[in-house]
Amino acid sequence: MFQGTGSDVGKSLIVAGLARALTLRGLKVAPFKPQNMSNNAAVTADGGEIGRAQALQARAARRPMTVHMNPVLLKPQSEIGSQVVVQGRVVGNAKASAYQAMKPQLMHAVLDSFHQLAADADIVLVEGAGSASEINLRAGDIANMGFAQAAQIPVVLIGDIDRGGVIASVVGTKTVIAPDDAARVAGFLVNKFRGDPALFASGMNEIAQRTGWTSLGLIPHFPDARRLPAEDALGLAERGSSGGQRPKIVILAYPRISNFDEFDPLRLEDGIDLQFLRPGTPIPGDASIVILPGSKATIADLAALRDAGWDIDLAAHLRRGGRVLGICGGYQMLGRIISDPDGHEGAPGAVAGLGLLDVETTLTDDKALREVHGKLMDDQRPFRGYEMHIGRTDGPATQTPFLTFSDGHRDGAVAADGRIAGCYVHGLFADDGLRSHWLRGLGAAASGLAYESDVETTLDALAAHLEQHIDVDRVLALATEPRG
């Protein structure tokens with residue numbers, strides 16, 4: 001099990017890289033994360049959903065995604081509450097305090113999923129969540145040491161030197177956690193090093209001496225990590241390019257943005273200027289198209305959009321001849337009304353949408369979770385993607401749909417002038433042909449990026465990087481050694 005001294009120390013990436021490295025060695029690898037918190041999710045082969053990090057790790061391990069790779073997924077809907085997904089299915093909503101009381105009951109499902117994976121794998125690589133030193137959350141823990149103790153598996157602790165204070169963070173973790181938890185830690189890794197590794201040799205020795213844990217490697221910064229899907233929306237502000245006369249694509253990063261990794265293929269294109277806007281930043285006047293992405297709390301994010309003044313900016317953008325695309329929750333926002341009669345996102349009721357498409361949405365109990373394919377309605381160009389949403393959208397504008405599925409179902413809507421469109425399908429831009437066609441429509445030159453191949457190449461490079469800088473043989477040996 002790979003735990004971290006904090007969030008964003010590189011746990012997900014290291015597990016993905018090791019999954020590919022061990023798979024290339026001929027082992028059957030299964031990635032696993034007991035509890036994840038993310039609004040970036042993927043549809044699994046068995047019809048559920050898991051965090052996007054585990055989807056990437058499954059790809060690295062070259063095996064189909066299953067709900068058992070991430071049995072508990074929390075999808076934040078507010079500052080204090082989340083939707084709770086257990087083994088791929090929504091079981092309800094819970095505020096943080098109520099969820100703490102739920103955790104002991106969820107351990108059964110977590111262990112059940114772990115053992116199902118372990119029965120069909122040579123090794124399971126487990127990713128922890130957040131920080132191993134959150135001793136205030138240790139009681140009933142299912143994400144870090146609580147799970148490690150229940151499953152009786154060794155732990156490798158990861159520290160991030162890039163943020164500073166890595167010696168204190170690793171040694172401090174040993175200081176604050178309980179002795180039996182500390183005994184479960186078999187070794188440590190220091191990640192994201194820049195410069196001459198010889199300069200930190202004494203630091204690695206100091207950590208080993210003060211903790212009694214084995215040093216398993218000092219991992220240099222891996223710059224191509226930016227080419228892989230990220231799980232955390234905190235990094236979106238850093239994901240733009242700028243300059244020149246390239247067409248500008250603006251994505252509104254409202255507080256509960258979801259499935260934002262679907263824009264990664266656009267981020268890697270050189271012929272456009274891609275910008276994620278946070279509330280407080282106006283929509284630039286030279287934007288070619290504004291995209292309203294998915295949302296985990298559509299009504300709340302619609303209110304945030306208005307609070308940011310983006311509704312006024314959108315009206316001005318359209319007057320200048322700009323284009324607008326809504327995806328999933330963003331599509332719902334473009335309509336006239338969003339109704340929530342059963343209170344899925346708060347108090348029951350209805351709110352006015354942006355009124356840019358003549359459709360109405362009703363949030364329903366059923367959740368669509370499936371991979372889909374078909375053709376664009378305007379030129380019959382093929383597409384592939386996935387649905388992940390609640391809600392039904394109807395109205396006159398749906399008579400000119402955006403997509404038609406292979407089963408004959410029609411999805412989305414296009415305004416009469418063709419400049420405003422929306423649909424429920426995520427993942428459209430991963431298709432190289434469709435993305436190139438869409439970019440040409442904006443006046444951009446497609447780069448010829450083969451996105452899926454690029455991800456595979458990057459995973460192979462990451463595996464080689466970790467093989468070089470981690471004692472992988474020792475990590476494998478630790479998996480069979482009793483601890484604690």
Side-chain angles (χ1 to χ4, degrees), residues 1-4 7-8 11-12 15-16 19 30-58 64-119 121 124-132 134 136-153 155 181 231-233 256 258-259 296-297 344 367 369 388 390:
M1 184 176 193
F2 296 85
Q3 298 184 25
S7 297
D8 199 32
K11 298 185 295 291
S12 297
V15 170
F32 181 73
K33 185 164 186 173
Q35 173 193 293
N36 199 354
M37 177 176 283
S38 177
N39 280 333
N40 238 17
V43 176
T44 63
D46 45 4
E49 56 182 311
I50 60 175
R52 272 281 159 186
Q54 281 61 65
L56 179 65
Q57 292 161 0
M65 291 181 287
T66 166
V67 297
H68 297 299
M69 293 174 176
N70 177 203
V72 178
L73 175 62
L74 305 178
K75 306 186 82 171
Q77 291 182 301
S78 70
E79 293 301 322
I80 59 172
S82 298
Q83 184 182 78
V84 182
V85 180
V86 178
Q87 292 183 331
R89 295 289 181 265
V90 177
V91 299
N93 300 307
K95 292 184 177 180
S97 56
Y99 178 69
Q100 296 305 313
M102 289 176 61
K103 287 195 299 184
Q105 306 164 30
L106 297 174
M107 182 64 88
H108 175 76
V110 166
L111 289 172
D112 172 65
S113 290
F114 172 72
H115 291 306
Q116 288 199 48
L117 286 179
V124 180
L125 301 178
V126 184
E127 180 188 341
S131 170
E134 292 170 341
N136 55 309
L137 303 177
R138 178 61 179 85
D141 172 60
I142 63 172
N144 288 305
M145 288 299 182
F147 173 78
Q149 294 287 9
Q152 293 289 291
I153 57 175
V155 172
D181 288 343
E231 185 177 32
D232 198 336
R256 298 299 168 203
S258 66
N259 298 84
K296 191 64 198 72
H344 291 285
K367 187 168 189 176
L369 284 171
M388 181 177 289
I390 62 170

inquiry  = Are the side chains of Gln35 and Val110 in contact, using a 4.5 Å heavy-atom criterion?
reply    = no
ask   = Would you call the rings of Phe114 and Phe147 parallel, tilted or perpendicular, where under 30° means parallel and over 60° means perpendicular?
value = perpendicular
query = Hey, does the side chain of Lys11 reach the backbone of Gly130 with a donor-acceptor pair shorter than 3.5 angstrom?
reply = yes
query = Taking all atoms of both residues into account, what is the closest heavy-atom pair of Leu369 and Gly88, and its distance?
reply = CD1-O, 4.1 Å
task = Check Gly128 against Lys33 and note the closest heavy-atom contact, atom names and distance.
result = O-CE, 3.2 Å
inquiry  = Please check this pair: side chain of Gln152 against backbone of Gln149, looking for a donor-acceptor N/O pair closer than 3.5 Å.
reply    = yes
query = For residues Glu134 and Asn144, is any side-chain donor paired with an opposing acceptor at under 3.5 Å?
reply = no
remark   = In short, Leu74 meets Ser82 closest at the heavy-atom pair CB-CB, 4.2 Å
Residue pair Thr44 / Thr66, side-chain heavy-atom distance below 4.5 Å = no
request  = First locate atom CG of Leu111, then atom NE2 of His115, and finally report the distance between them rounded to the nearest 0.5 Å.
outcome  = 5.0 Å
Nearest heavy-atom neighbours spanning Gly48 and Val67 = CA-CG1, 3.6 Å
key: Closest non-hydrogen atom pair, Ala42 against Met65   = CB-SD, 3.9 Å
message = Given 3.5 Å as the limit, does a donor-acceptor pair link the side chain of Gln57 with the main chain of Ser12, or not?
response = yes
query = Taking all atoms of both residues into account, what is the closest heavy-atom pair of Glu49 and Ala41, and its distance?
reply = OE1-CB, 3.7 Å
message = Has Asn40 got a side-chain atom pairing as donor or acceptor with Asn259's backbone, closer than 3.5 angstrom?
response = yes
ask   = So how far is it from Ser113 OG to Gln116 CD, rounded to the nearest 0.5 Å?
value = 6.0 Å
Asn70 (side chain) donor-acceptor with Ile50 (main chain) under 3.5 angstrom = no
task = Measure from the side-chain N and O atoms of Gln87 to the backbone N and O of Ala109, and report whether any donor-acceptor pair falls under 3.5 Å.
result = yes
ask   = Does NE2 in His108 sit with more than 12 non-hydrogen atoms of other residues, nucleotides or ligands closer than 6.0 Å?
value = no
ask   = Is any side-chain heavy atom of Asp181 less than 4.5 Å from a side-chain heavy atom of Arg138?
value = yes
